[in-house]
Protein chains: 2
Amino acid sequence: MRVPRANSREKILAAAADVAREAGPGSLSLEAVASRAGVSKGGLLYNFPTKAKLMQGLVESYLSDFQKALETRATEAGHESVLSAYIKLSADDCERPKPSASWMFSAIAEDPDFLTPIKAFKHQLFERLKGETDDLGSLLVCYLAIEGMRSMNLFDSDVLSEDERRLLVSSLLKIAG
Amino acid sequence: MRVPRANSREKILAAAADVAREAGPGSLSLEAVASRAGVSKGGLLYNFPTKAKLMQGLVESYLSDFQKALETRATEAGHESVLSAYIKLSADDCERPKPSASWMFSAIAEDPDFLTPIKAFKHQLFERLKGETDDLGSLLVCYLAIEGMRSMNLFDSDVLSEDERRLLVSSLLKIAG
DNA sequence: TTGACAAGACCGTCCAGCCGGTACAGTAAG
DNA sequence: CTTACTGTACCGGCTGGACGGTCTTGTCAA
């Protein structure tokens, strides 16, 4: 009973993220992902010949989604700076109560090198932000604060209230200018 | 109460942190820890009857060390605020190139609930900081930026240069007042 | 003697990767 | 149109190995 062959990859990727989020990063097994995606283990291994490839796919789709969202934000709303687009995007990402990237912990456990592309991406983004502003101190504070927000969301650590998060975002936007 | 021959518990805890840092969080097995600590598997299980207890021990020692260091900083150098003590302590912690808490990833993979005490601790610290200042916006920015710094160190993501980190710290201290 | 381990065999479980199938789809000759 | 062939997409059982945890036996210092 097969229907959408082409979407299998994305379905599997989404299923993997779901499993990691709901059952915990330690429960991200091939069988769990396959079952969640409505695919057999063989079908999963057909799309991703190894678990490492699956992790790599997760990283790549995460990065491309993020970049797409950032680009959209940075261009759509007029002459917004990349930094403020990044702030708003991150704020929205962190709005969702459940961390959507728990799979990162699985990836790190598998092999810390899986995060290398993410590090490179962040480095690139930071360089881009540096080229946009002349007040390095403010940029550093903003950038790190966003990093902290994302980290707290990732660790599912809800220290901030709704009001506090809003205040934080507006403070950051003010610092960003 | 008999004194053990050597302080095996601490040796084991340190060995576990070393294994997670050097071999990766996914390689944190009981055998690896035992071998690293110069202890047999039986000896390890004698001190920590289960892997969960070992993780718990890691968390507890991390938290007590951190609190002790924070208290020392906050009291020794005159009437420094807790926030600036926290900033400086975190900056020093992040000075070290290698993340010292990679075991956290192992703990999360094992069971996300292991981080509950850490979340509680952070929440408590944040409340304490809120009681110390009247400018919530600045506190939020500072606190999150520190969180970001710690997160980057944990993920071994060296986006900032030495100079940038120093500038960041001084900016944060200025914001903290 | 006893408490604090050392040493390691052993078992149950879990899981990644492999492999032999199977159900189509497209093509193309007859 | 039919039959035969071919490649794609997927199924699911299997296995080898790693790992956590238990248990037994031995050792040595206090």
Side-chain angles (χ1 to χ4, degrees), chain A residues 1-20 22-59 102-103 105-114, chain B residues 1-20 22-59 102-103 105-114:
Chain A
M1 182 169 284
R2 70 201 74 196
V3 191
R5 287 186 171 183
N7 312 16
S8 285
R9 271 186 68 96
E10 288 177 17
K11 230 171 49 180
I12 289 169
L13 256 15
D18 288 347
V19 168
E22 289 169 17
S27 305
L28 191 67
S29 70
L30 293 186
E31 272 132 345
V33 173
S35 139
R36 177 77 186 222
V39 163
S40 77
K41 205 170 160 188
L44 171 59
L45 268 302
Y46 180 82
N47 287 278
F48 299 95
T50 172
K51 198 180 185 180
K53 293 282 184 189
L54 176 60
M55 297 300 186
Q56 195 182 324
L58 243 11
V59 170
S102 303
W103 55 263
F105 296 125
S106 317
I108 293 180
E110 195 74 17
D111 184 351
D113 287 342
F114 281 130
Chain B
M1 186 192 278
R2 300 267 170 161
V3 175
R5 282 185 209 168
N7 202 340
S8 290
R9 272 187 69 97
E10 288 178 14
K11 229 171 47 181
I12 290 170
L13 256 16
D18 288 348
V19 169
E22 289 169 18
S27 306
L28 191 67
S29 71
L30 293 185
E31 273 130 347
V33 173
S35 141
R36 176 75 185 222
V39 162
S40 73
K41 199 174 168 181
L44 170 59
L45 269 302
Y46 180 83
N47 287 277
F48 298 95
T50 172
K51 196 179 187 182
K53 293 283 182 186
L54 175 61
M55 297 299 187
Q56 195 181 325
L58 243 12
V59 170
S102 304
W103 53 264
F105 297 124
S106 318
I108 293 180
E110 194 74 17
D111 183 352
D113 287 342
F114 281 129

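The analysis underlying the following values was restricted to heavy atoms, covering all of them including side chains, and did not include hydrogens, waters or symmetry mates.
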Enquirer: Minimum heavy-atom separation for A:Leu13 and A:Leu54, please, with both atom names.
Expert: CD1-CD1, 3.8 Å
Enquirer: Please check the phosphate of C:dA7 (OP1 and OP2 only) for any side-chain N or O of B:Ser40 closer than 4.0 Å.
Expert: no
Enquirer: Could you check how far CG of B:Leu45 sits from C1' of C:dA7, rounded to whole Å?
Expert: 13 Å
Enquirer: Rounding to an integer number of Å, can you tell me how far B:Phe48 CZ sits from D:dG20 C1'?
Expert: 16 Å
Enquirer: Heavy atoms under 4.0 Å, any strand shown: does A:Leu44 hit a base, just sugar-phosphate, or nothing?
Expert: nothing
Enquirer: Got a sec: does the CD of B:Glu10 have more than 12 other heavy atoms crowding it under 6.0 Å?
Expert: no
Enquirer: Starting at the 5' end of DNA chain D and moving along, which residue's nearest nucleotide shows up first, B:Pro49 or A:Gly38?
Expert: A:Gly38
Enquirer: Send over the distance from B:Glu110 CD to D:dG20 C1', rounded to a whole Å.
Expert: 9 Å
Enquirer: What distance separates A:Ile108 CD1 from A:Met55 CE, expressed to the nearest 0.5 Å?
Expert: 10.5 Å
Enquirer: Would you kindly give the NZ-to-P distance between B:Lys53 and D:dG21, to the nearest whole Å?
Expert: 12 Å
Enquirer: For B:Val19 and B:Trp103, run side-chain contact (heavy atoms from CB on, under 4.5 Å): C-alpha distance rounded to whole Å, both residues' side-chain angles, the deciding distance at 0.1 Å, then the answer.
Expert: CA-CA 8 Å; B:Val19 169; B:Trp103 53 264; over 6 Å; no
Enquirer: Check the phosphate of D:dC10 against A:Tyr46, side-chain N and O only, distance under 4.0 Å to OP1 or OP2. Yes or no?
Expert: no
Enquirer: Think A:Asn47 has a side-chain N or O under 4.0 angstrom from the OP1 or OP2 of D:dC10?
Expert: yes
Enquirer: Is A:Ser8 near enough to D:dC10 that one of its side-chain N or O atoms lies under 4.0 angstrom from OP1 or OP2?
Expert: yes
Enquirer: Figure out the CG/P separation between A:Leu30 and D:dG13, and round it to whole Å.
Expert: 16 Å
Enquirer: Grab the CD-C1' distance between B:Glu31 and D:dT22 for me, whole Å please.
Expert: 13 Å
Enquirer: About how many Å separate CG of B:Leu28 and CD of B:Glu22, when rounded to the nearest 0.5 Å?
Expert: 12.0 Å
Enquirer: Between the base of C:dG17 and the side chain of A:Lys41, is there any donor-acceptor pair under 3.5 Å?
Expert: yes
Enquirer: Nearest nucleotide by nearest heavy atom, which residue falls closer to the 5' end of DNA chain C, B:Gly42 or A:Ala52?
Expert: B:Gly42
